[in-house]
Each structure stands twice: as structure tokens, then as C-alpha cells.
J.: 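Sharing a structure here in C-alpha cells format.
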Amino acid sequence: MKRVRLCEGGLPGQWVYLGVSVRRMRKVTQWLGAGHQRLSIAGMLQAAGTSLRAAFIDYIGRLGVERDSATWWFSSLSEKNPPTSKAFLHVCYLSVAAELCRRHESGGRLLLVVEDPCVRRAVAGHLRERGAAFTEVAESPLHRAATVVGDWSEMLVRRVYGVGRHMARMVTARVLGFSNGIVNAPVAGKAQAWALLHNWVDARSFDEDGLYRDIYFGTLREELQKRGLAVAVVATVLYRSPFRRLLARLKDSGMSVLVPEAALAPGILWRWSRSLPFRPPQRRSWPRFEGFDISDILTEAERVDWIKTRAADVRLLSDIVRRWSGSFNVQAFMYTYEGQSWERGYCLAMREHAPQARLIGYQHSTVSPMWLSHFISTAEWDKVPFPDRVVTNGSYHYDLLKRNGVPERVLACGGAIRYGTLGGEASLHDRATSDPSVIRVLVTPSILMTQAAELLLAALDAFAGSNAFRVTLKFHPCFPSARVIAAAGVGALPATVRIATEPVSELLRNADVLVYTDSTTAVEALAHGVPIVHFASSHELDTDPLAPFTDVRVSTETPEGLQAAVRAVAGAGAGDHAARSRRWREVVDLLLPPPDEKTIDLFMPENVR
């Protein structure tokens, strides 16, 4: 393979990477060699996201009005969820590429390394429209043919696996004694009205003694039961969690439980598999967005939905709720609100099969303005499946949702029942109990794989080569550390770095600084009096909920800047720390205010209209 010559007159060439694979970016860096300068696009990417987000929400909303159907509402395009839909990120890549090319029109060469062919085609189309001089290196015919074969193979494998997984879970649930009805329910007859509390279940859902604990709703179930409600937990076991073991523990817990897979039947799965579209979506012309032709980008999003069964899985909820409604009376359905497609599936199914039920979403954590799935367009409001009420974590999130399309009549301002009273009085850590010459850095990678791998690399570059730092890595429970390390292309970790499994609240007691990208652990750190440093991504949009609060965090986008920022915040004196801690507490209470009796009342079905 010949190297691309980017140098003129002995000057190093400049290049940009547009993509989410950190490992692939590192390979390109090695291939090009040290003579070529990679430009960081972190600032440009975040600026593009900020300027385009409102227009994109409205753009998708107008498409929803035109394509009003369950297929559209369950699609990744309509959902706008950053972990599952890259459409908005790809649009921002296109905007960044267009701006970079505009800046280089006066002279100099620039290499754009574009990971996704759909983005490359969109960029090339934009440059042709502008009459710019450029060279496009496209895939070979053999590569395109291999891609088509790979798409078909992956689609078929995923569908066979999907049917097999649903069938296996259905059989397992039935063998353990679960069915259409509620397990561990008092004998009260079909007339008993139930409030269903949907929850995600994994190993975190049980304490060391095997007792069930609600990691999303806190003590809400117990509080509602005190008010006379019959509450059953709709237990959805997370992917890759031990399904049989967790179901056995749920049954032994003694609480009233529903397992969605237990309501499935072979006939339902057969009809579901036959309803899936067999042929891939064809490229078509979509409305232009802010002057850009994004048809290739949106067609790619449809192709991904065709390959994967995530959107199709939501269709099963209608049959599940239909069978539930034949077994008991649903008074209310409560769930964690994030604007995801499965939530819309439950809303549609409840409206059809249990129209008497009140639908209540709980905005259970912090929300970034870039987490677009939480927001809707005013154009689509009367059509998008939505709950009767969304209970927010305080006034800040209430106002954020209201400003971004959610009608005020469905919003209710509550408290952070998931977190309770977070932290305590912030106080300066006593560094005399440890080596004062060593800074203890707690790094909490994101739930988003790309940002997790990117932060891991930056932390190793910034701290691993110095004895002045002791680094603790706390990975998100959804991602085993081995997956993040592999995505970053990292070998063995140095001796100064350890991987922790303890709760974040315990780790913060022995941390001088917390480093993060978008985790709520940063809010926890502020509550415990630990200063924070934010690392800005050059690959993905910044979903940090603290981004609007620039006075409580230091942000940087390079390993060198990361080390300097950590040294600076860790070296702050007691006087500065006390003043800052008061502001930190204000922000914590604004984002995650302690709940009160009023918060619980907001979930009572009779209070929802």
C-alpha cells in the first residue's frame, strides 16, 4: 500500500479523522507516520452539534408527520438516541468537513479520512455542488460486493438469533413458573387494578444478601404500596445478563413480578419473524437539511435498522400487553423516560389494549441537551406515542424538556428518587492520610463505547508514564473493561493503573480528582466535594449534562491538557475549594434535587389526567 503524500515544500501534511472507531484511527495514525499532523475536531464537532440540534429535531419531527406509522416511530431515525442512531453525528461530520474544506480553499492540502461510506459520499456530493477541487478514494467494486454479502449474512444471522433468543427466554420463563399473569401476586381476582413499574434488571438489582433493590426508581415501589397501590415490577433482564439466574432470584424475592418474555408464544414469534422486511431499503431522495443533501446518511440509518432487529423487537410488545390485559387490570404503567423506541412501543400497546391505564415516565437521571431522544418537535407532538405525564428531576430538567418540544401540560416537577439525598456537605479531602506527592485520579469512562475508549487512551497517555499519579478506572457496568480496552487497542495496563469494581461513592472517598466525558458520576463527585475534569471527544458529540455549567468543570481535549488540568484542580487550596464547593452543591441540588412526599404523589394514577 502506497503512502498518501501530503507534504509540500517539506511541511507536514494535515489530516482529520471522521469516525467513531478509536482503534481504526490509531491504525491510520501509524500508517501515515509522524510526519503528518492530525487536527483535533473536538471544538468544531461540538459547535456543529450545538448549532444544528434544534433544526435536526424539527427536521425529524416533520418526517414523522409525513410517515406517521409504528414502523417510523420505532425506527432509529425517529428515536434520535445517540448510542443506537448515528444519523445526527454523521450530519455533524458533514458540517465539520464542509467547514474544514472552506477554510482550506485558499491553499494547502487536507486529507479527510472518513470512516463511514455514507458520510464520505455526502461530503463528496457537497464538494461537487460547490465546485471544489478534490480527489475521492472510494471502495473497489469487490469491496462493495463483499459489503452487500456481509449485510445479507448479518441480517439473516441476527434474525435467526433473535427468534432463538426470544424462544429460549420464553421457555426459560415458563419453566421457572412465569406466565401471562403476575407472579407472587395476592389472590384478588382479575378485578384487582395493578400499577406496573417497568425496570431493567441485572446483577446490580440484588445486594450482597440477595435482596432486590431498584437501581432506577429507588424506594418508589414501597412508597406507592404504602399509599394502597398494588405494584408489580415488569422485569426486563438486560442483554448479556444471566437470564435464568436473575429470574430465579426475582421469583424468590417474594415481590409481585411480570416477565415480558413469559407472555410470548410460538405463534407470536412466527408471525413476528414473517413480518420483518426481507429486502434492504433502497436509496431515495430525502428533504435537504440546512442546505446539505443527507440522503446517503438517512438511507444508511434505514439499512442499519434492516440489519438489526432492535426496532423490530418493539413490535412484540403489542402482543405481550394484549395478553397481559386479558389476565389482569392495568391501572398505570410507569417507566424510565429517555424517549427510546421501546417506550413508544409500550405507549402504543397500552393505548390499544389497556386504554384505562395512566402512562407515567420518570426522567430518572441527568439529561444533556445533546441526548436528542429526550426531545420532540412541536410538529410531531399530536402523533408521537407519549406518556400522560413525565416526572422530571427538578426544575432544571423541567425547563429543559419544556424548551425542547415537550408540552408543559404533561410535565411534573419532582425529585431524584433514584439518587435520594446525594452526597453530603462537600469537604476538602485530607491528603495527609496518603502520599501528598501523588494525585489520586478516578477515571469513569462513558456508557458510549467510543468515548470510553477515547478517554482510556487519553488517561493512559496523560498519567501512566508518571509516578506522580495513581489512576483508578471505574468502567460502566454495561461494558466489561476488556471490551473497552480492546476497542482502544491497548495491551496490558501499567502498574500505576487499576480497575475498580467498588461503587463510585466508595471510590470518591479516596480520589483527589475525577476525570470523565459524560457520566453522571461527575455530579456525584461534586456532591462529595471532589473536583472534576472533563475530556472532550473528537469522535462523538458531547453528552455531558454539566456542559452548560462551565464554572464547575475544567474541559480539555488533549492528553497534555488533561494532565495540566488535573494538576491545577488538585492543587487548589482549602480556601478556593470551600468557595467552589458551595457552587458545586448548588448545581447538584439543581440537577438532582432530593425527593419529597410531593414527588411520590406525582406517580399516583388518580393524580394523572
Side-chain angles (χ1 to χ4, degrees), residues 200-216 218-219 238 240-242 245-246 249 364-366 416 418-435 438-449 451-453 455-456 458-460 462-464 469-485 488 490 492-535 566 569-570 584 588 592:
W200 299 101
V201 176
D202 61 9
R204 297 171 295 168
S205 303
F206 297 90
D207 62 19
E208 295 178 354
D209 298 324
L211 298 177
Y212 177 80
R213 59 185 176 191
D214 194 322
I215 58 177
Y216 293 97
T219 61
L238 285 170
R240 289 195 176 94
S241 296
R245 187 190 314 164
L246 291 173
R249 299 180 79 174
H364 62 100
S365 187
T366 54
R418 175 181 178 181
Y419 294 93
T421 303
L422 187 61
E425 290 300 323
S427 59
L428 181 64
H429 291 287
D430 184 7
R431 296 196 61 199
T433 59
S434 62
D435 185 351
V438 176
I439 300 176
R440 300 165 296 179
V441 183
L442 175 59
V443 181
T444 55
S446 170
I447 191 176
L448 303 175
M449 179 60 74
Q451 294 191 29
L455 179 58
L456 173 61
L460 293 179
F463 310 121
F469 303 94
R470 188 166 72 242
V471 178
T472 299
L473 297 171
K474 173 61 175 177
F475 292 96
H476 193 278
C478 289
F479 287 126
S481 58
R483 288 187 62 196
V484 180
I485 292 172
V490 175
L493 297 179
T496 55
V497 177
R498 81 175 184 97
I499 299 174
T501 57
E502 303 95 314
V504 172
S505 57
E506 294 183 14
L507 296 173
L508 287 170
R509 297 172 187 167
N510 297 295
D512 299 309
V513 182
L514 181 134
V515 175
Y516 74 109
T517 51
D518 70 342
S519 175
T520 304
T521 55
V523 182
E524 295 184 60
L526 295 180
H528 286 82
V530 178
I532 60 176
V533 175
H534 171 262
F535 187 77
V566 166
V569 299
W584 295 347
V588 171
L592 298 174

J.: Any ion pair linking Glu208 and Arg204 (charged N to carboxylate O, less than 4.0 Å)?
T.: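 Judged by the 4.0 Å cut-off on N to carboxylate O distance, Arg204 and Glu208 do not form a salt bridge.
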
J.: Could you tell me if the side chain of Thr496 sits less than 4.5 Å from the side chain of Val471, heavy atoms only?
T.: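 Not in contact.
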
J.: Going by heavy atoms in the side chains, are Val443 and Thr472 under 4.5 Å from each other?
T.: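 Val443 vs Thr472: side chains apart.
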
J.: Stepwise, does the side-chain contact (heavy atoms from CB on, under 4.5 Å) test hold for Leu493 with Leu473?
T.: CA-CA 11 Å; Leu493 297 179; Leu473 297 171; 4.1 Å; yes

J.: Decide, yes or no, whether a salt bridge links Arg440 with Asp512 under the criterion of side-chain N to carboxylate O below 4.0 Å.
T.: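 Salt bridge present between Arg440 and Asp512.
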
J.: Short question: side chain of Lys474, backbone of Thr501 - any donor-acceptor pair under 3.5 Å?
T.: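 Checked: pair present.
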
J.: Using a 4.5 Å cut-off on heavy atoms from C-beta on, say whether the side chain of Leu442 contacts that of Val530.
T.: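 No, too far: nothing below the 4.5 Å cut-off.
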
J.: With side-chain contact (heavy atoms from CB on, under 4.5 Å) as the criterion, how do Val201 and Leu238 come out once you've worked through the C-alpha distance, each side chain's angles and the decisive distance to 0.1 Å?
T.: CA-CA 6 Å; Val201 176; Leu238 285 170; over 6 Å; no

J.: How long is the span from the CG atom in Leu455 to the OG1 atom in Thr517, to the nearest 0.5 Å?
T.: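 If we round to the nearest 0.5 Å, Leu455:CG and Thr517:OG1 are 5.5 Å apart.
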
J.: Just so I know, are the side chains of Val523 and Thr366 near enough to count as touching, which here means a heavy-atom distance under 4.5 Å?
T.: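 Yes - at least one pair of side-chain heavy atoms lies under 4.5 Å apart.
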
J.: Would a 4.5 Å heavy-atom cut-off, applied to side chains only, mark Phe206 and Arg213 as touching?
T.: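 No; the side chains remain at least 4.5 Å from each other.
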
J.: Over 60° means perpendicular and under 30° means parallel, so tell me whether Phe469 and Phe463 are parallel, tilted or perpendicular.
T.: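 Phe469 vs Phe463 ring planes: tilted.
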
J.: Do Ser519 and Ser446 have a side chain donor and acceptor closer than 3.5 Å?
T.: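 The answer is no; no qualifying pair exists.
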
J.: To the closest 0.5 Å, what do you measure between OH (Tyr216) and OG (Ser365)?
T.: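 Reported value, rounded in 0.5 Å steps: 9.5 Å.
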
